[in-house]
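Following: one structure in structure tokens, then a few remarks.
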Amino acid sequence: MQTNATIDDVATYNTSEKFTLNGWGILPIAALIGGAWAYGAPLKNGAFTPACAALLLVVGGWLPFWRALTLTPWAEPLTVWRTWKREADLPALPYLQPGTPGAALQRALRQARAWWYAVGQPTLATPLRAAALAFLISLLAALIVGRDALLLTLFMVAWTEMAVLWSEGRGNAGVLWSAGGLVGLPWLLGASLSGAPMTQPALSALVLVALTGLYAHPSLLAAIGPALAAGYLIWQKHFLAAGGLLLLALPGWMALLYQPRAHTYRRTVAPWLLGMIALLAWAL
């Protein structure tokens with residue numbers, strides 16, 4: 001009875017609220033355009049097609065892949081599988097003898113089939129199809145953009161998988177993981193369109209990841225991210241931009257006085273993060 005109740009809970013899991021990014025859906029596009037703007041990616045002489053492919057790569061590939069994997073509660077159906085005993089009909093393997101490894105494999109296959117139809121398919125089929133389609137789109141778009149885009153796509157896949165493992169499949173990736181996947185990597189992709197060396201873009205991408213991940217955390221850590229980014233701009237001798245970035249951080253800091261919930265705070269600071277990304281791109 002306990003197993004059946006758990007099956008029903010998982011099978012009726014509603015992912016409509018999970019599949020939101022708290023206003024962060026526009027951040028990858030802003031980071032892509034910002035990285036291209038900051039490092040002078042050309043939009044002429046044949047570069048317009050790779051730029052459009054890069055936009056498709058982020059919007060149609062990376063972002064859906066990230067959503068499908070990080071916002072799906074993988075842990076719930078897999079927890080049911082650990083104690084799963086029900087079996088489904090499956091054609092027997094030829095010359096199968098009781099008590100042999102083949103018989104154990106046959107029993108495991110029958111259990112896996114029953115688990116998939118009862119638990120796995122209702123909860124995991126949709127995100128798995130979405131992730132596969134997004135991965136295919138990512139590969140095709142990356143081949144159009146170039147080698148750097150293909151390498152960044154593979155890194156994005158690895159980063160997403162690490163985020164899922166780190167969160168133990170609970171369907172809620174941390175803010176630093178989200179900052180890397182939704183801001184840092186799109187920024188690097190935009191910067192790669194210029195064909196310039198990636199040393200400076202990689203450094204600025206790390207600054208952006210720290211800025212976004214820490215500022216989006218509803219705690220005292222929110223003060224550290226903008227401070228690090230302002231220090232980076234001062235180091236680059238962009239003093240006016242550093243002051244402007246701290247001013248853009250003020251609304252988020254003021255929101256902390258009301259002790260908002262994490263998802264509410266992330267939605268609140270998303271527009272100000274857009275402004276910070278644009279300001280950083282303009283300054284660099």
Side-chain angles (χ1 to χ4, degrees), residues 20-41 54-55 58-59 62-63 66 152 156 159 173-194 198-258 260-284:
T20 62
L21 290 173
N22 296 320
W24 280 36
I26 195 67
L27 287 184
I29 302 175
L32 171 68
I33 298 174
W37 181 18
Y39 295 98
L55 183 61
V58 171
V59 176
W62 288 4
L63 185 56
W66 174 268
L152 288 173
M156 175 66 177
W159 183 268
V175 288
L176 281 175
W177 291 105
S178 299
L182 300 178
V183 177
L185 288 175
W187 176 275
L188 280 177
L189 177 62
S192 69
L193 297 176
S194 65
M198 296 297 289
T199 303
Q200 284 300 322
L203 180 59
S204 61
L206 289 175
V207 171
L208 264 180
V209 170
L211 165 65
T212 307
L214 295 176
Y215 184 63
H217 200 283
S219 68
L220 293 178
L221 292 175
I224 300 177
L228 288 174
Y232 173 76
L233 289 173
I234 292 173
W235 178 51
Q236 296 289 325
K237 297 182 171 51
H238 299 298
F239 306 105
L240 183 61
L245 189 142
L246 293 177
L247 287 176
L248 288 173
L250 281 178
W253 293 341
M254 294 177 64
L256 291 175
L257 298 176
Y258 300 95
R261 294 184 178 181
H263 67 278
T264 302
Y265 178 74
R266 289 183 67 181
R267 185 170 58 249
T268 301
V269 301
W272 305 107
L273 281 172
L274 287 173
M276 294 180 197
I277 294 173
L279 181 63
L280 194 64
W282 169 76
L284 297 179

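Remember, it's a predicted structure, so these values are computed and weren't measured experimentally. These values consider heavy atoms only, across backbone and side chains, with no hydrogens, waters or symmetry-generated copies.
Side-chain contact between Pro28 and Trp62 is absent, with no heavy atoms from C-beta onward closer than 4.5 Å. Leu246 is listed as a side-chain neighbour of Trp253, based on a closest heavy-atom distance under 4.5 Å. Within the 4.5 Å cutoff, the side chain of Leu27 has heavy atoms near those of the Leu274 side chain.
Applying the side-chain hydrogen bond (donor to acceptor under 3.5 Å, both in side chains) test to every pair with at least one member in residues 178-191, sequence neighbours left out, gives these pairs: Trp187-Ser204.
Residues Trp37 and Ala278 come closest through the heavy atom pair CZ3-O, 3.8 Å. Closest heavy-atom contact between Trp177 and Trp159: O-NE1, 2.9 Å. The minimum heavy-atom distance linking Gly184 with Ala205 is given by the pair O-CB, 3.9 Å. Here the closest non-hydrogen pair linking Leu182 and Ala31 is O-CB, 4.4 Å.
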Please tabulate, for the side chains in residues 210-236, all donor-acceptor contacts under 3.5 angstrom to protein atoms that are two or more places apart in sequence or on a different chain.
residue : atom : partner : partner atom : Å
Thr212  : OG1  : Leu208  : O            : 2.9
Tyr215  : OH   : Ala249  : O            : 3.0
Tyr215  : OH   : Gly252  : N            : 3.1
His217  : ND1  : Ser219  : OG           : 2.9
Ser219  : OG   : Leu221  : N            : 3.3

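The structure places CG of Leu273 at 9.5 Å from CZ of Arg266, a figure rounded to the nearest 0.5 Å. One finds the CD1 atom of Ile26 at 9.5 Å from the CG atom of Leu63 (value rounded to the nearest 0.5 Å). Expressed to the nearest 0.5 Å, how far CG of Leu280 lies from NE2 of His238 amounts to 8.5 Å.
Scored by the side-chain contact (heavy atoms from CB on, under 4.5 Å) test, Leu248 finds Trp272, Met276, Leu279 as partners (sequence neighbours excluded).
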